[in-house]
Structures are given as C-alpha cells and as structure tokens.
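Here's the structure we're looking at; comments come further down.
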Amino acid sequence: MDKFANEDDRHRDAEEYVAIQSGIDDLKGTDVFVVATANDVYKLPYSLKRNGRFSKRIEVRAPEGKDAEEIIKFYLSQKENVGEINLTEITRLLATKTCADLEVIVNEAGVYAAAEGKDKIGHNDMVRACMRILYDAPEAEELVFSNSLEKNRMTAYHEA
C-alpha cells in the first residue's frame with residue numbers, strides 16, 4: 001500500500017488511496033476479504049487505517065535467533081556444496097535482517113566461493129558477504145611484505 005504514498009508525510013491522501021477506499025467500501029456486505037501490505041503504515045492515511053477498512057493488523061518482523069538460523073539453513077540447503085559454517089555467529093551478524101537479506105547473503109557467499117575456485121561455500125565466504133552487503137565494507141587489499149626482515153620490522157613499528 002505504501003508504494004502509493006507521497007514522499008511528503010503531510011499529504012497522505014493521494015488519488016490512488018481514494019480509489020482504494022472506494023473499492024473497499026463497495027465490498028461491504030460481500031464475502032470478499034481485502035488483504036494489503038505496507039512497509040511503513042505511518043505513511044498511510046488515517047482513513048485507510050481506521051476500523052471498517054483494515055480493522056486487523058498483523059505485524060511481521062524480521063526473523064531473529066533460532067528463526068533466522070533456520071531460514072539461513074534453508075537457503076544454504078538450496079546450495080549444492082556447503083562447507084563448515086558457524087551458523088550461530090552468522091545469525092548474530094544478520095540479526096534483524098529480512099528474509100530477502102538472508103537469501104542475498106547466502107547467494108553472495110556462493111559467488112565469493114566460486115570466484116575463488118572453491119568447491120564449497122565456507123564460513124569466511126559468509127562473513128565476507130555479510131560485511132559487503134550489509135555494511136558496505138570494502139574488500140581487504142592484499143598485504144605486500146618486503147623480502148627484507150628489517151624493512152618489515154620497521155613497517156610494523158611504524159604501523160603500531
């Protein structure tokens with residue numbers, strides 16, 4: 001429903017809402033149920049949220065804890081080759097993320113594993129996918145060490 005919402009919260013009565021309200025009103029007394037979804041109910045006009053239009057609300061939250069872990073397991077089960085993955089740690093990284101986020105992370109981990117020629121998705125692939133997708137973390141650059149022990153020692157002191 002909120003796809004019709006105006007960006008300006010003060011003007012929530014777009015013409016599309018008037019049409020929706022009319023359609024709902026025309027269904028009164030029939031055996032038709034109207035189900036609508038919205039990402040942000042606060043952008044909907046009060047006239048749509050009041051009793052008589054959409055009287056029941058069911059809030060669906062992002063999965064957490066064991067639920068999120070089971071969803072990650074499901075998406076991983078759709079992959080042919082999965083190695084050792086610490087699901088507890090990955091689930092913590094993905095706390096409060098949507099099912100779509102969880103699926104994207106698993107798919108991205110598969111891309112990382114394939115790009116490196118691995119035959120299985122591993123824990124590090126999942127962590128890399130979480131860091132890039134959720135936190136927009138840049139890829140780490142390879143460290144280039146000198147053949148000189150003294151130069152490496154000086155660099156280490158400098159960086160410390």
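Sequence positions, counted from 1, serve as the residue numbers for this chain.
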request  = Would you please name every residue forming a salt bridge (charged side-chain N to carboxylate O under 4.0 Å, His left out) with E84, sequence neighbours left out?
outcome  = none
note = Across all chains, not counting sequence neighbours, the side-chain contact (heavy atoms from CB on, under 4.5 Å) partners of A36 are M1, F54
ask   = Considering residues at least two apart in sequence or located in another chain, which fulfil the side-chain contact (heavy atoms from CB on, under 4.5 Å) criterion with T30?
value = L27, V32
request  = Report the residues that fulfil side-chain hydrogen bond (donor to acceptor under 3.5 Å, both in side chains) with R57, sequence neighbours left out, ordered by chain and then residue number.
outcome  = none
message = Can you list everything that forms a side-chain hydrogen bond (donor to acceptor under 3.5 Å, both in side chains) with E64? Sequence neighbours excluded, please.
response = none
Pairs of donor and acceptor atoms involving the side chains of residues 109-127, under 3.5 Å and at least two apart or interchain, shall be tabulated with distances.
| unit_1 | atom_1 | unit_2 | atom_2 | d |
| --- | --- | --- | --- | --- |
| Y112 | OH | R132 | NE | 3.4 |
| Y112 | OH | E139 | OE2 | 2.7 |
| E116 | OE1 | K118 | NZ | 3.3 |
| E116 | OE2 | R128 | NH1 | 2.4 |
| K118 | NZ | D125 | OD1 | 2.9 |
| K118 | NZ | D125 | OD2 | 3.4 |
| H123 | ND1 | N86 | N | 3.2 |
| H123 | NE2 | E89 | OE2 | 3.1 |
| D125 | OD2 | G122 | N | 2.8 |

Listing, residues 65-77 side-chain donor-acceptor contacts under 3.5 Å, not counting sequence neighbours, or none:
| unit_1 | atom_1 | unit_2 | atom_2 | d |
| --- | --- | --- | --- | --- |
| E70 | OE2 | K73 | NZ | 3.3 |
| S77 | OG | F74 | O | 2.5 |

Let me check something: any side-chain donor-acceptor pairs from residues 99-106 under 3.5 Å, sequence neighbours excluded? List them with distances.
| unit_1 | atom_1 | unit_2 | atom_2 | d |
| --- | --- | --- | --- | --- |
| D101 | OD2 | T98 | N | 3.2 |
| D101 | OD2 | T98 | OG1 | 3.2 |

query = Going through the distances and angles, do L134 and L94 end up as a side-chain contact (heavy atoms from CB on, under 4.5 Å)?
reply = CA-CA 8 Å; L134 301 177; L94 296 172; 3.2 Å; yes
